[in-house]
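Worksheet: the structure to be examined is printed underneath.
Scope of the values below: all heavy atoms of this structure, side chains included, with no hydrogens, waters or symmetry mates.
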Amino acid sequence: MSLVSQNTLYNTPLSVDVSEHCMVLVGECIPFREVKTISQAFTECYVNSVYVGKLLEVELHFHQQRPAFKAKVDTRHSYDYARLFQLVYHLSVYREQHEQKIITRVNKPLPPLSAHRYAKILLLLSALVFAMFAVNGWLALCYLDIFWVEISSLLAQILSPIILLVFAMQWFWLQPSERKQKQREAELEERAIAGILPTPPNPSLLKALTWLWISLAAIAVTLGMSILALLANQ
């Protein structure tokens, strides 16, 4: 699942009163005992196989005649994610203490074991065939007089350094970066449990930065079109 920045909790007043065992939603104190069901899902999100964050989705249904509470926030929005995680944690603890059922949705169904095993075997065989063609392209071992073997070996020879570079970046840069990000997210959740929330975002600052980026993009597009027009007239 790819992560497009998601935050439905933005500008929604929500907090947790642990001493009173309630959630304060838009100024209204809703006791935890009024929650009929809670559904929660944590999903790790990737863009082009690069870890970009975690998405928390929550849905609460109540015994009273009130609309269901639904929210989803990703870790890019640390303040709102911490608030929602804090609610989920304390509500889950309360319900476990009172032996009430918590529904935890599966983030992504796993493929059958046999299909997963076959996929790994197929990937391994494909990598071996690619490596054979790459070695054949580099060392000219055999059958280079056959057209399709020659073309395949040439392509594998060209692509192999790129693939090795990608694997090197994955091993030395992306994996440590992913571990650090997950560690920061774990620390964020620990602080949320302890009642320590990040500093709320400044809407005026975010608005100013947004307009700054829009202005810079507009200037870049205008300059680019002017340069292209000058080149076309020459």
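- Checked against side-chain hydrogen bond (donor to acceptor under 3.5 Å, both in side chains), Thr199 has no partners two or more places apart in sequence or in another chain.
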Under the side-chain contact (heavy atoms from CB on, under 4.5 Å) criterion, do Ser92 and Gln40 qualify, and how do the steps go? CA-CA 10 Å; Ser92 299; Gln40 62 190 43; 3.5 Å; yes
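- Contacts of Pro13 classified as side chain to side chain contact (heavy atoms under 4.5 Å, CB included), with partners at least two apart in sequence or in another chain: Val26.
- In this structure, the side chains of Val35 and His61 stay at 4.5 Å or more apart for every pair of heavy atoms.
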Below 3.5 Å, can you tabulate the donor-acceptor pairs from side chains in residues 186-196 to any protein atom, sequence neighbours excluded?
| residue | atom | partner | partner atom | Å |
| --- | --- | --- | --- | --- |
| Glu189 | OE2 | Lys54 | NZ | 2.8 |
| Glu189 | OE2 | Tyr81 | OH | 2.6 |

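- Taken to the nearest 0.5 Å, the SG atom of Cys22 stands 10.5 Å off from the CG atom of Leu87.
- Here CG of Asp74 is found 11.0 Å from CG of Leu84. Values are rounded to the nearest 0.5 Å.
- Residues passing the side chain to side chain contact (heavy atoms under 4.5 Å, CB included) test with Thr8, sequence neighbours excluded: Ala71, Lys72.
- Residues satisfying the side-chain hydrogen bond (donor to acceptor under 3.5 Å, both in side chains) test with Lys182, not counting sequence neighbours, are Glu44, Glu178.
- The structure places OG1 of Thr75 at 5.5 Å from OH of Tyr51, a figure rounded to the nearest 0.5 Å.
- The hydrophobic clustering, which links ILVMFWY residues whose side-chain heavy atoms are closer than 4.5 Å, places Tyr89 and Ile38 together.
- Between atom OG1 of residue Thr43 and atom CD of residue Gln6 there is a gap of 9.5 Å, rounded to the nearest 0.5 Å.
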Between Val52 and Arg76, is the side-chain contact (heavy atoms from CB on, under 4.5 Å) condition met? List the steps. CA-CA 9 Å; Val52 291; Arg76 292 183 180 182; 3.8 Å; yes
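- The ring of His98 has its center closer than 6.0 angstrom to the ring center of Tyr94.
- Note on Phe62: it clusters hydrophobically with Val58, by side-chain heavy-atom contacts below 4.5 Å among ILVMFWY residues.
- Counting only N and O atoms by type, the side chains of Asp17 and Ser15 include no donor and acceptor under 3.5 Å apart.
- Residues Met23 and Phe32 have side chains in contact (heavy-atom distance under 4.5 Å, counting atoms from C-beta outward).
- In this structure, Glu185 has no salt bridge (Lys or Arg N to Asp or Glu O under 4.0 Å) partners at least two apart in sequence or on a different chain.
- Residues passing the ring-ring contact (aromatic ring centres under 6.0 Å, His included) test with His77: none are found, sequence neighbours excluded.
- The cluster map of Ile, Leu, Val, Met, Phe, Trp and Tyr, joined by side-chain heavy atoms under 4.5 Å apart, puts Val18 and Val88 in the same cluster.
- Evaluation of the salt bridge (Lys or Arg N to Asp or Glu O under 4.0 Å) rule for Arg66 yields Glu28 as partners, not counting sequence neighbours.
- Applying the salt bridge (Lys or Arg N to Asp or Glu O under 4.0 Å) test to residues at least two apart or on different chains, the pairs with a partner in residues 77-91 are Asp80-Arg83.
- Gln65 is linked by a side-chain hydrogen bond (donor to acceptor under 3.5 Å, both in side chains) to nothing, counting only residues two or more places apart in sequence or in another chain.
- Linking Ile, Leu, Val, Met, Phe, Trp and Tyr whenever their side-chain heavy atoms come within less than 4.5 Å leaves Tyr79 and Leu25 in two separate clusters.
- Applying the ring-ring contact (aromatic ring centres under 6.0 Å, His included) test to Phe69 and every residue at least two apart in sequence or in another chain returns nothing.
- Side-chain contacts under 4.5 Å among hydrophobic residues (ILVMFWY), followed directly or transitively, place Val24 with no other residue at all.
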